[in-house]
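Structure first, then comments.
In what follows, chains carry the letters A, B, and so on, assigned in the order in which the sequence lines appear, proteins first and then strands, with residues in each chain numbered from 1.
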Amino acid sequence: MQKLKKEFYLQNDAALLARMLLGKIVVTDFNHQYTAARIVETEAYAGIFDRASHAYNGRRTERTEIMFDEGGIAYVYLCYGIHHMFNIVTNKKNRPDAVLIRGVEPLHGTEWMLSRCNKSKMDASIGRGPGNAGKALGISRQHTGRSLLTNDFFIADDGFEVNNIMTGKRIGIDYAGPHALWLYRFFIKDHPQVTRHPFNKTAIELL
DNA sequence: CTGACGATTCACT
DNA sequence: GTGAATCGTCAGC
């Protein structure tokens, strides 16, 4: 299992990175609670020209400043006062791109995931949806800005080959107007940890 | 300081 | 498909 290097995160095509992150493994080992899960659904948020992005039009705030930093760190923010959304910051400094991790397949440390999700046995909801994915991995707002090149928080490649990649419209960004039509969501076809949504029906398979 | 809202989830009809 | 939960963030005054 190979930890992704800094150069990977510095690439400038957020959509391509979102697609390449499918099949990779998120590893967290906070407080000696080792958990690992395979990424099965992502969304790209592409810099200052993307109306769906928090960094649209170059908006810098205390919260979004982290997106303007160099790739290879986490951007985690609170949504609806409940859900901690885990993003991977990409691209060079002052190019505020990010990839939202929307779904993961649990691989290791399922006992920790169960306790974090207040469940007694595994089911498809563990890791499904951006809120649940971060929750299962123990990622919360306090991890925003954290490097993904450390030993307790990183992304790895185990050589797994993803076959059926689908792409479609991003979810929950109606406010983005025409940019809501961009095919910036990527997921593994028919995977149990992929968000159930009407957009899945209009998604198309990549060759 | 205030009000409106959100890159969601879950239970329920 | 509909609606409530819940609070940090942000723009505006």
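- Distances shown here put every side-chain N or O of A:R63 at or beyond 4.0 Å from the OP1 or OP2 atom of C:dG8.
- The side-chain hydrogen bond (donor to acceptor under 3.5 Å, both in side chains) test with A:R185 singles out one residue from A:T42, A:T167, A:N200, and that residue is A:N200.
- Counting only N and O atoms by type, the side chains of A:T35 and A:R116 include a donor and acceptor under 3.5 Å apart.
- A:T64 and A:T61 share a donor-acceptor pair across their side chains, judged by distance under 3.5 Å alone.
- Annotation: cation-pi geometry satisfied between A:R170 and A:Y45 (NZ/CZ under 6.0 angstrom from ring centroid, within 45° of ring axis).
- Both A:K135 and A:V99 sit near DNA chain B, but only A:V99 has its closest nucleotide nearer the 5' end.
- Backbone-only engagement by A:L78 is indicated by non-hydrogen atom pairs under 4.0 Å involving sugar-phosphate atoms exclusively.
- Looking at which nucleotide of DNA chain B each of A:G172 and A:K119 is closest to, the 5′-most match is held by A:G172.
- Looking at DNA chain B, the stems built from 3 or more consecutive Watson-Crick or G-U wobble pairs, each pair with its key distances under 3.5 Å, are B:1-6 with C:7-12, B:8-12 with C:1-5.
- Within the nucleic acid shown, A:I173 comes within 4.0 Å of sugar-phosphate atoms alone, with no base atom in reach, counting heavy atoms only.
- Here chain A contacts DNA chain B (any atom closer than 4.0 Å to a heavy atom, that is under 4.0 Å), and the contacts span B:dG6 to B:dC10 from 5' to 3'.
- For the residue pair A:N151 / A:K3, a side-chain donor-acceptor distance below 3.5 Å is found, with atom types taken as modelled.
- At least one donor-acceptor pair under 3.5 Å links the side chain of A:N87 to the backbone N or O of A:Y75.
- Between the P atom of C:dC10 and the CZ atom of A:R60 lies a distance of 13 Å, rounded to the nearest Å.
- In this structure, A:T61 reaches the C:dC10 phosphate: one of its side-chain N or O atoms is under 4.0 Å from OP1 or OP2.
- Across all strands, A:R170 comes closer than 4.0 Å to no nucleic acid atom at all (heavy-atom distances).
- The side-chain tip of A:R51 does not point at the ring of A:Y175 from less than 6.0 angstrom away and within 45° of straight on.
- Protein atom CE of A:M85 is 14 Å distant from nucleotide atom C1' of C:dG8, rounded to whole Å.
- A:E62 places its CD atom 8 Å from the P atom of C:dC10, with the value rounded to the nearest Å.
- Taking atom CZ on A:F199 and atom C1' on C:dG1, their separation rounds to 15 Å, with Å as the unit.
- Proximity of the aromatic rings of A:F86 and A:F153 is defined here by a centroid distance below 6.0 angstrom, and this criterion is met.
- At least one side-chain nitrogen or oxygen of A:R59 sits closer than 4.0 Å to the OP1 or OP2 atom of C:dA11.
- Atom NE2 of A:H83 and atom C1' of C:dA5 are 8 Å apart (whole Å).
- Geometrically, A:R102 does not engage A:F187 in a cation-pi contact defined by less than 6.0 Å to the ring centre and at most 45° from the axis.
- Residue-level contact check: A:N132 touches the backbone only, with heavy atoms under 4.0 Å from sugar-phosphate atoms and none from bases.
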